[in-house]
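In what follows, a structure is listed as structure tokens, so that the remarks can point back to it.
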Amino acid sequence: MSRPGLFITFEGIDGAGKSSHIEGLAAAFRAQGRTVTVSREPGGTPLAEKLREMVLNDPMDALTESLLIFAARRDHLRNVIEPALARGDVVLCDRFTDATFAYQGAGRGFDLDVLSTLERLAQTGLAPDADLMREPDLTVWFDLAPEVAAERLAGARVPDRFEAQPVEFFRRVAQGYADRAAAAPQRFARLDAAQDRHRVWQQLTSVFVRKGWLAIMVASQGGPQ
Ligand code: TYD
């Protein structure tokens with residue numbers, strides 16, 4: 001019997017450490033026979049990766065930024081995420097629409113109602129049910145104090161337009177994530193990302209074991225190297 005697809009997204013401020021756990025989770029799902037599609041936003045298709053380069057590097061206002069991000073998202077949904085879900089894959093996506101509400105909305109102070117309108121436009125009409133607005137089945141939120149994230153990022157690489165923002169920006173982004181999580185508690189799983197990597201991995205896998213999506217044996221064998 002074919003299993004239904006799962007759409008799982010990973011969120012948190014820059015430096016929260018989410019990226020390093022996504023591959024581990026992909027390996028855990030593959031170990032129990034699932035096909036996994038790993039992707040990221042902005043990005044995930046040739047067009048969306050071009051838009052990502054612009055969004056991360058070229059100066060622009062918050063509306064332009066939001067339009068480009070949602071354009072990238074629609075292309076990604078249409079060409080990667082929806083086909084993968086239709087095949088029954090587990091889709092693990094590094095960031096999705098919660099990031100837009102947190103960064104463009106809370107961080108840049110852009111109108112949340114406009115973002116909701118763009119969300120509906122960009123995320124509807126692509127699934128088999130044409131009226132469905134595609135949203136994640138689960139969003140894993142790596143919650144970390146902005147001051148700690150800034151320390152982890154310091155000197156790591158040349159910062160992009162977001163990483164170069166002051167800590168106050170990330171305080172607003174973190175609050176934006178907290179607001180999104182409070183508005184959709186059944187979709188969000190919050191992890192305490194201040195703990196060491198192994199403990200974060202344990203928190204992460206226990207979420208999936210509780211949901212019945214990962215077997216406890218598979219979960220306990222994997223983890224960060
Ligand atoms: P990130 O996942 O942090 O990539 P990397 O680990 O390679 O730096 O994402 C890139 C940046 O894009 C990040 O700073 C957050 C920002 N972003 C938004 O501002 N809005 C969005 O909707 C998305 C998806 C990302």
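In each ligand, atom 1 is the first atom listed, and ligand 1 is the first ligand listed. Index from 1, following the sequence.
- Across the listed options Ala16, Ala62, Ala99, Ala72, Ala99 owns the non-hydrogen atom lying nearest to atom 21 (C) of ligand 1.
- In this structure, Arg73 is part of the shell of residues with a heavy atom less than 4.0 angstrom from ligand 1.
- Close approach of ligand 1 to Ile69 is summarised as follows: ligand atoms under 4.0 Å from at least one heavy atom of the residue are 20 (N), 21 (C), 22 (O).
- Which parts of ligand 1 touch Lys18 is read off a 4.0 Å heavy-atom cut-off, strictly below it: atoms 2 (O).
- Cation-pi check for Arg95 over Phe10 is not met; the charged atom does not lie both under 6.0 angstrom from the ring centroid and within 45 degrees of its normal.
- Residue-ligand proximity, Leu56 to ligand 1, at heavy-atom distances under 4.0 Å covers atoms 10 (C), 11 (C), 12 (O).
- Ring orientation note: the planes of Phe142 and His21 are close to parallel, at an angle under 30° on the 30°/60° scale.
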Problem - Pair Ser19-Asp94, side-chain hydrogen bond (donor to acceptor under 3.5 Å, both in side chains): steps then yes or no - result: CA-CA 7 Å; Ser19 306; Asp94 192 342; 3.0 Å; yes

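- At least one N or O atom of Arg95 sits closer than 3.5 Å to an N or O atom of ligand 1.
- Distances between N or O atoms of Glu41 and those of ligand 1 include no value under 3.5 Å.
- In the model, Tyr103 has a side-chain atom that pairs as donor or acceptor with a side-chain atom of Asp14 under 3.5 Å.
- Both the backbone and the side chain of Thr100 come within 4.0 Å of ligand 1, judged by heavy-atom distances.
- Residue contacts with ligand 1 for Gln104 involve side-chain atoms from C-beta outward but no N, CA, C or O (heavy atoms, distance under 4.0 Å).
- Distance CG/Leu204 to CD/Gln202: 11.0 Å, rounded to 0.5 Å.
- Environment of CZ in Arg199: sparse, with no more than 12 heavy atoms of neighbouring residues, nucleotides or ligands closer than 6.0 Å.
- Atom CZ of Arg78 sits in a sparse spot, with 12 or fewer heavy atoms from other residues, nucleotides or ligands closer than 6.0 Å.
- For atom 6 (O) of ligand 1, the closest heavy atom belonging to the protein is Arg157 NH2, 3.7 Å.
- Atoms of ligand 1 lying under 4.0 Å from any heavy atom of Asp14, numbered from 1 in the order shown and given with element: 3 (O), 13 (C), 14 (O).
- Between Phe96 and Phe7, a ring centre-to-centre spacing shorter than 6.0 Å is recorded.
- Between the CD1 atom in Ile13 and the CZ atom in Arg171 there is a gap of 10.0 Å [rounded to 0.5 Å].
- Any N or O atom pair closer than 3.5 Å counts here, and Arg52 shares at least one such pair with ligand 1.
- No cation-pi contact links Arg172 to Phe169, judged by a cut-off of 6.0 Å to the six-membered ring centre and 45° from its axis.
- When each atom of ligand 1 is checked for a heavy atom of Asp94 under 4.0 Å away, the hits are 2 (O).
- Atom numbering of ligand 1 starts at 1 in the shown order; those under 4.0 Å from a heavy atom of Glu163 are 8 (O).
- Checking Phe170, Phe162, Phe10 against atom 16 (C) of ligand 1, the nearest heavy atom belongs to Phe162.
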